[in-house]
Amino acid sequence: MTDGPKYGFDTLQIHAGARPDPATGARQTPIYQSTAFVFRDAEHAAALFNLQEVGYIYSRLTNPTVAVLQERVATLEGGVGAVCCSSGHAAQIMALFPLMAPGLNVVVSTRLYGGTVTQFSQTIKRFGWEATFVDFDDLDAVKAAINDKTRAIFCEAIANPGGYITDLDAISAIADAAEIPMIVDNTSATPYLCRPIEHGATLVVHSTTKYLTGNGTVTGGVVVDSGTFDWSANDKFPSLSQPEPAYHGLKFHETFGPLAFTFHGIAIGLRDLGMTMNPQAAHYTLMGTETLSLRMDRHVENALKIAEWLEKDDRVDYVTYAGLKSSPYYDRVAKICPRGAGGLFTFAVKGGYDACVKLVNALEIFSHVANLGDARSLIIHSASTTHRQLTAEQQRAAGAAPEVVRVSIGIEDADDLIADLDQALSKAVS
Ligand SMILES: *Cc1c(COP(=O)(O)O)cnc(C)c1O
C-alpha cells in the first residue's frame, strides 16, 4: 500500500512498509534470511556501491525484511526514514555517531534509563565524547549547559523509570535556538502514545526490544529521522554537510536532502560500525507492531487502575505514575502523550530496600526481570539491579531510590495483578 497520511494509526501499524512479496505473493513479510543479494549485472553493482541506486547488497547494510520495519516505524513516528540496529543502545550510538567527534558534547536529561546513564556517563568518553547531565525541568540549566561544542540534546519522552514526562516543546525550543538537534528516546511511550517529531524532535530512537516487539523475544533498536533538520546551516555537522572521503567526496545533505541522516546511517553507520538488526529480529518486531495500539491501550488502562489501587494502600508510601492526578507531571500527559502515560511506574514500599527484595520474591504473576514493555507484567528493584552501577545520588535523580520498585504493567487481567500485588505486599510489609 502507499503509506499516505490518509490512513489511521491502526491501519499503518499493520500495513506501512509492507506489500505482498513480489516473488511469491506471500501476504506476511517473508524473513529474507540471506546475507547477500545478486546483482543484475556489473553496472547495477557499481550503481548500488556508488549510492546512485537504492537496493540490496549485503545484510550488514540493508535487508528486505529489516527495510519493511524501517519504513513501518518511520511512518508511525511521522519521519522520512529509519535505520534499524541490533539494540536500543546501538541505536543511541548510531544517532550520535554522525553528529559527534572527539571533544564534542551532548546535553542529556538526568532522567534516563539506567543503562543509558552508564553509556553516556562512562562509555562514550572512550570516543572522546562528553555528556552533560541536567535536570530538564530547569530550562535555564539546559540552556546554560549548551556550549559551542554541543551537538545534540537527548531525553526520553516518558522517562523510565520515574513516572516523568519531558516537556518536549520547551526543550525543542531550546534546541532550535542553539541550532542543534533534539534526540528523543521514545521507547517507553511508543509512537502510539507520543509522537516526538510533532514536538520538534529531529531524531527519535527506540529500543524495539520493548513495546514495539511487545513480547520479550528479541533485542533491537531503531533511529527515526524526521528529515526536518538543516545539516548545512552551519559547519557543526561536517559528516552530513561536507564531502565524504569514503564515497568519492559525496555530500550527504546536498545529495539526499531530508534523507541525509538515514542514508548516512546505512551507508556509513551500519557499513562501518556493523550494529545491524538481523531479519529474524525484524520479523518478530513487525509482528509486534501489528497490535501496538491495542496493547498500549490495555497497558495504560491496567497501569492506571493498579497505580490508583497502590496509591490508596497503607503498605505503599508513594506511587510515581504521571497518569495519577497526584503526579506533578499529570498536566503534561494531555500535552505530550494524550493517549495515556504508558505502562511503567515506580512505587515506594514501606520498609525500604529489604521490603522491596521480599516483595519481588513473593510475587507470582509478575516476573522479576531486567526488561520492560512485555505483554506480561514485570517488576524490578532498580537499586539492586539496573541502577546498581549508579551512585545513590544518580539513583534518586533517575527515580530509582533504594525503597522503590519499578513495574512494567502487562496486559493480563488487572484484578489478577492487583491480587498478586496484594498478597506479596502482605509478605513484604509486616
Ligand atoms: C531498554 C531501553 C534502552 C536500551 O535498549 P536495549 O534494546 O536494551 O539496548 C534504552 N532506552 C530505554 C528507555 C529502554 O527502556
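Whatever order the structure lists them in is the order used to number ligands and atoms, beginning at 1.
Thr35 and Arg60 share no donor-acceptor pair across their side chains, judged by distance under 3.5 Å alone. Counting only N and O atoms by type, the side chains of Thr320 and Thr346 include a donor and acceptor under 3.5 Å apart. A side-chain donor from one of Asp21 and Tyr32 sits under 3.5 Å from a side-chain acceptor of the other.
Considering backbone and side-chain N/O of Glu156, none are found under 3.5 Å from N/O of ligand 1. Any N or O atom pair closer than 3.5 Å counts here, and Leu372 shares no such pair with ligand 1. Checking only distances, Ser188 never comes within under 3.5 Å of ligand 1, N or O to N or O.
Partners of Asp420 by side-chain hydrogen bond (donor to acceptor under 3.5 Å, both in side chains), not counting sequence neighbours, listed by chain and number: Gln423. With sequence neighbours left out, the ring pair (Phe, Tyr, Trp, His ring centres under 6.0 Å) criterion links His89 to Tyr113.
Within ligand 1, counting atoms from 1 as listed, the ones closer than 4.0 Å to a heavy atom of Gln92 are 10 (C), 11 (N). Numbered from 1 in the order shown, with element, the atoms of ligand 1 that lie under 4.0 Å from a heavy atom of Thr209 read 7 (O). Here is the list of ligand 1 atoms found below 4.0 Å of a heavy atom in His89: 4 (C), 5 (O), 6 (P), 9 (O).
When non-hydrogen atoms are compared, ligand 1 lies under 4.0 Å from the side chain of Thr187 (C-beta onward) but not from its backbone.
Side-chain contact between Val204 and Ser226 is absent, with no heavy-atom pair separated by less than 4.5 Å.
Counting only heavy atoms of the protein, atom 6 (P) of ligand 1 lies nearest to Gly88 N, 3.3 Å. Protein heavy atom closest to atom 11 (N) of ligand 1, with residue, atom name and distance, is Asp185 OD2, 2.7 Å. For atom 14 (C) of ligand 1, the closest heavy atom belonging to the protein is Lys210 NZ, 3.0 Å.
When the options Tyr192, Phe345, Tyr211 are evaluated for a ring pair (Phe, Tyr, Trp, His ring centres under 6.0 Å) with His299, the one that passes is Tyr211.
Taking the six-membered ring where tryptophan is involved, the planes of Phe97 and His264 are tilted, since the angle between them lies from 30° to 60°.
Residue contact check for ligand 1: Gly220 places a non-hydrogen atom closer than 4.0 Å to it.
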